[in-house]
Number of protein chains: 2
Amino acid sequence: MPSSRRITLKELARHLGVSTASVSNAFNRPDQLSHALRERILAEARRLGYRGPDAKARSLRTGRSQIVAVLLAESLTYSLNDAVASELLSGIAEVLDAHGHTLLLLSGRQANDRMPDSASIADGFIVYGLMPSPALLGDLPSQRPQVAVDFDIEGRASVHVDNEPAAHAIARHALKTPPRRAGIINLRLTERACNGRIDADQALLSAHQTITRARLDGFYRAFDECGLDPASVPMWNIEENTFDVCTPVIEAILDLPDAERPDLLLCMSDRIALTVLTLAERRGLRIPEDLRITGFDGIAEGQYRSPRLTTVRQDSVEKGRIAARTVLGLEAATSRLLTTELLVGETCP
Amino acid sequence: MPSSRRITLKELARHLGVSTASVSNAFNRPDQLSHALRERILAEARRLGYRGPDAKARSLRTGRSQIVAVLLAESLTYSLNDAVASELLSGIAEVLDAHGHTLLLLSGRQANDRMPDSASIADGFIVYGLMPSPALLGDLPSQRPQVAVDFDIEGRASVHVDNEPAAHAIARHALKTPPRRAGIINLRLTERACNGRIDADQALLSAHQTITRARLDGFYRAFDECGLDPASVPMWNIEENTFDVCTPVIEAILDLPDAERPDLLLCMSDRIALTVLTLAERRGLRIPEDLRITGFDGIAEGQYRSPRLTTVRQDSVEKGRIAARTVLGLEAATSRLLTTELLVGETCP
DNA sequence: GCGCCTAACTAAATCGATTCAGACAGCGAG
DNA sequence: CTCGCTGTCTGAATCGATTTAGTTAGGCGC
């Protein structure tokens with residue numbers, strides 16, 4: 001009968017009158033002992049309620065834990081409810097699962113902005129996000145594989161999405177119908193908090209945010225090609241990609257007098273675009289007649305609704321798969337660039 | 001300078017000419033040594049690039065890893081993209097974070113339906129889901145705290161939502177306006193696969209699915225009170241709570257001839273209700289005039305849209321918080337029952 | 001000056017496995 | 001008969017920490 005305390009491999013070995021090496025081999029390297037002995041060991045293990053080698057001890061001895069950590073720049077609360085991050089995670093989980101690894105979730109927004117010590121247990125790290133604090137990055141064990149997603153870590157593998165052409169494509173599509181007045185809603189463009197109207201020059205200068213910057217570049221290239229003066233396109237910034245934070249900014253935009261209110265809004269994320277759509281619908285604006293809206297990311301929520309959101313799809317699941325395969329060493333640790341796909345919905349036909 | 005291999009506590013101790021005990025104490029129990037020595041140790045550690053005690057070794061020695069595992073009945077791919085599961089996870093993560101623990105994600109749908117060995121590293125387990133395979137449950141180390149969410153594990157703590165009154169409340173609300181014809185769309189009611197029309201008796205008999213069963217009971221009690229014959233209410237079943245799986249069943253319902261098509265659909269989840277809403281809108285049906293729709297769960301997607309979904313909100317985040325506090329031993333390991341809140345939106349005013 | 005207490009520090013056992021370097025037996029080849 | 005090989009199995013070192021019991025030195029009261 002299983003005693004209160006968990007039985008150990010050594011005790012099991014003594015019970016059987018064999019060495020610990022044989023018991024260990026019975027579980028890990030069947031070819032190293034006779035079939036008969038192996039069966040005897042496994043049977044006795046079952047009888048005594050021994051569930052196999054202890055994970056903690058094994059990971060100490062072998063140096064491997066079969067655990068991969070994902071370090072998310074945002075808080076877990078945010079990330080888990082963000083569709084793009086969730087898709088990324090499911091891509092990662094899919095590959096890890098298939099290779100017997102499990103997923104440790106780490107938040108870059110811990111109380112003290114340092115990694116919890118338990119993090120160092122992981123065999124490898126996938127870092128997702130815009131600007132994880134350098135302190136955090138320094139905490140990563142440098143001898144372990146690391147993969148950066150959507151940004152770069154000096155000298156490490158990374159997976160990116162080709163944002164500039166994506167932005168260019170969707171802006172080109174939107175500008176096929178010349179807008180009376182266009183507008184851009186940015187996401188976390190500036191380091192310092194700023195929720196609302198923002199100066200375009202200022203926006204381009206504060207280049208710390210690579211992704212938004214690349215998307216802006218794509219928009220501007222399209223403006224150029226279509227003869228639209230960038231200076232005539234007002235820009236707003238949103239601090240956090242959530243409905244609640246978006247709402248006041250968007251309300252303010254929709255409150256503008258008719259002459260100033262844009263009839264085309266290029267949004268940096270689907271979350272923003274969907275919020276625009278919701279608030280516009282509640283006001284009785286006709287989409288797309290009164291207001292055309294484009295998003296970015298191609299999340300499910302935007303496609304499984306009516307009207308469907310016009311957006312550029314990035315395959316976040318695939319991004320996750322690649323990151324996971326890279327961290328497991330199944331794929332060369334290089335820099336990968338994924339392409340995107342224009343999805344024309346009804347919000348900007 | 002940091003060598004290629006990570007330096008160990010023992011080496012650090014030798015460098016300093018002190019015992020390993022003192023070094024360990026410098027990191028873990030500052031009161032056990034003089035301030036001067038502690039500073040000397042920490043300074044040398046920094047100089048040599050020693051990042052603190054190794055997590056694997058520490059967890060072996062102390063028996064604790066500061067890791068809590070969440071075992072999800074569904075695949076991680078599904079769970080991460082399901083709003084209810086995501087909210088639960090963020091509640092869990094919030095509490096774990098605050099107490100210096102991290103989150104290990106385990107899928108109940110592993111290839112071989114067994115727990116990966118690495119799982120046993122966790123200090124405690126939160127099990128979420130309807131019917132995790134008994135084999136999996138047996139794999140959980142029985143001496144570690146376990147908390148069940150939305151179902152029961154013999155003799156373990158659990159957190160539940162009070163589904164029957166919730167269902168009763170929303171059905172009562174919906175029936176205030178007598179429907180010409182009502183219908184119910186169930187979720188994973190039967191053990192065996194069945195996507196489509198289902199017999200009500202059969203539904204009530206196959207009681208293996210506690211949550212759906214409780215909700216059905218609530219609906220039927222409301223039917224009773226309102227003098228609606230349960231036999232007159234057709235029922236459909238959906239296998240998986242995703243847009244793609246819902247779609248064909250719902251299309252079939254909407255395809256029914258006018259006389260048979262329900263003008264009130266009580267759905268077992270917001271995901272289902274939102275799919276109904278989308279498909280109905282695409283057909284040009286007027287909501288709620290031609291079709292009234294209710295959901296269940298109160299996910300953000302249903303509220304941050306227009307029209308807002310009428311539903312019952314369960315506080316999944318709080319459910320997660322309680323589960324996490326319980327597994328950490330901050331809360332008594334009992335059975336908790338959470339109440340719900342009726343949200344009246346525009347899909348069924 | 002003596003005894004006692006406390007603060008500061010250390011030696012060594014221990015957590016539970018993995019794995020390398022043999023030991024030993026049996027067998028076929030020469 | 002002996003040699004070497006192969007197939008099994010074992011002894012013991014090791015992974016990197018934590019922690020208990022104990023030593024030493026200094027301070028204080030009397």
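What you see is a predicted model; the values in this text were computed from it and never measured. Just so it is clear: chains get the letters A, B, ... in the order the sequence lines come, proteins before strands, and each one is counted from 1.
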Side-chain N or O of [X] versus OP1/OP2 of [N]: is the shortest distance under 4.0 Å?
{"X": "Ser19(A)", "N": "dT10(D)", "answer": "yes"}
{"X": "Ser22(A)", "N": "dC9(D)", "answer": "no"}
{"X": "Tyr50(A)", "N": "dG16(C)", "answer": "no"}

Residue list, salt bridge (charged side-chain N to carboxylate O under 4.0 Å, His left out) with Lys56(B), at least two apart or on another chain =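 Here no residue qualifies.
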
Which residues satisfy the salt bridge (charged side-chain N to carboxylate O under 4.0 Å, His left out) test with Asp139(A), sequence neighbours excluded?
->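 With neighbours one apart ignored, the set is Arg114(A).
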
Separation of atom [atom1] in [X] from atom [atom2] in [N], rounded to whole Å:
{"X": "Asp54(A)", "N": "dC15(D)", "atom1": "CG", "atom2": "P", "answer": "19 Å"}
{"X": "Arg29(A)", "N": "dC20(C)", "atom1": "CZ", "atom2": "P", "answer": "7 Å"}
{"X": "Ile121(A)", "N": "dG16(D)", "atom1": "CD1", "atom2": "P", "answer": "14 Å"}
{"X": "Arg64(B)", "N": "dT18(D)", "atom1": "CZ", "atom2": "P", "answer": "11 Å"}
{"X": "Leu12(A)", "N": "dT10(D)", "atom1": "CG", "atom2": "C1'", "answer": "16 Å"}
{"X": "Leu16(A)", "N": "dT10(D)", "atom1": "CG", "atom2": "C1'", "answer": "14 Å"}
{"X": "Glu11(B)", "N": "dC15(D)", "atom1": "CD", "atom2": "P", "answer": "9 Å"}
{"X": "Asp117(A)", "N": "dT18(D)", "atom1": "CG", "atom2": "C1'", "answer": "14 Å"}

Any Lys/Arg nitrogen of Glu87(A) or Lys319(A) sitting under 4.0 Å from an Asp/Glu carboxylate oxygen of the other?
->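 No, no charged N to carboxylate O under 4.0 Å.
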
Answer yes or no: is there an ion pair linking Arg188(A) with Glu74(A), defined by an N-O contact shorter than 4.0 Å?
->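 Looking at Glu74(A) together with Arg188(A), the answer is yes, because their closest N to O distance falls below 4.0 Å.
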
Considering all heavy atoms of both residues, which atom of Ala93(B) and which atom of Leu103(B) are nearest to each other, and what is their separation?
->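 Heavy atoms of Ala93(B) and Leu103(B) come nearest at CB-CD2, 4.2 Å.
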
For the residue pair Arg51(A) and Gly138(B), what are the closest heavy atoms and their distance?
->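 Closest approach of Arg51(A) to Gly138(B): NH1-O, 2.8 Å.
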
Nucleotide of [options] approaching [X] most closely (side-chain heavy atoms):
{"X": "Arg61(B)", "options": "dA12(D), dC15(C), dG16(C)", "result": "dC15(C)"}
{"X": "Thr20(B)", "options": "dA17(C), dT18(D), dA12(D)", "result": "dT18(D)"}
{"X": "Thr62(A)", "options": "dT19(C), dA17(C), dA11(C)", "result": "dT19(C)"}
{"X": "Arg58(A)", "options": "dT18(D), dG16(D), dA17(C)", "result": "dA17(C)"}
{"X": "Leu60(A)", "options": "dC15(D), dA17(C), dT18(D)", "result": "dC15(D)"}

Counting only non-hydrogen atoms, which of residues 30-45 of chain A are less than 4.0 Å from DNA chain C?
->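 None - not one residue of the stretch has a heavy atom sitting under 4.0 Å from the strand.
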
Side chain to side chain donor-acceptor pair (under 3.5 Å) evaluation trace for Ser65(A) with Ser118(B) = CA-CA 6 Å; Ser65(A) 59; Ser118(B) 51; over 6 Å; no

By nearest nucleotide on DNA chain D, pick out whichever of Asn25(B) and Ala57(B) is the more 5' one.
->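 Nearest nucleotide further toward 5': that of Ala57(B).
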
Can Arg6(A) be said to sit on top of Tyr50(A)'s aromatic six-ring, NZ or CZ under 6.0 Å from centre and within 45° of the ring axis?
->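 Cation-pi check for Arg6(A) and Tyr50(A): passes.
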
Touch class at under 4.0 angstrom, heavy-atom based, for Val23(B) against every strand present |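 Contact class for Val23(B): none.
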
Which part of the nucleic acid does Phe27(A) contact within heavy-atom distance under 4.0 Å: base, sugar-phosphate only, or nothing?
->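 Since no nucleic acid heavy atom lies under 4.0 Å of Phe27(A), the category is nothing.
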
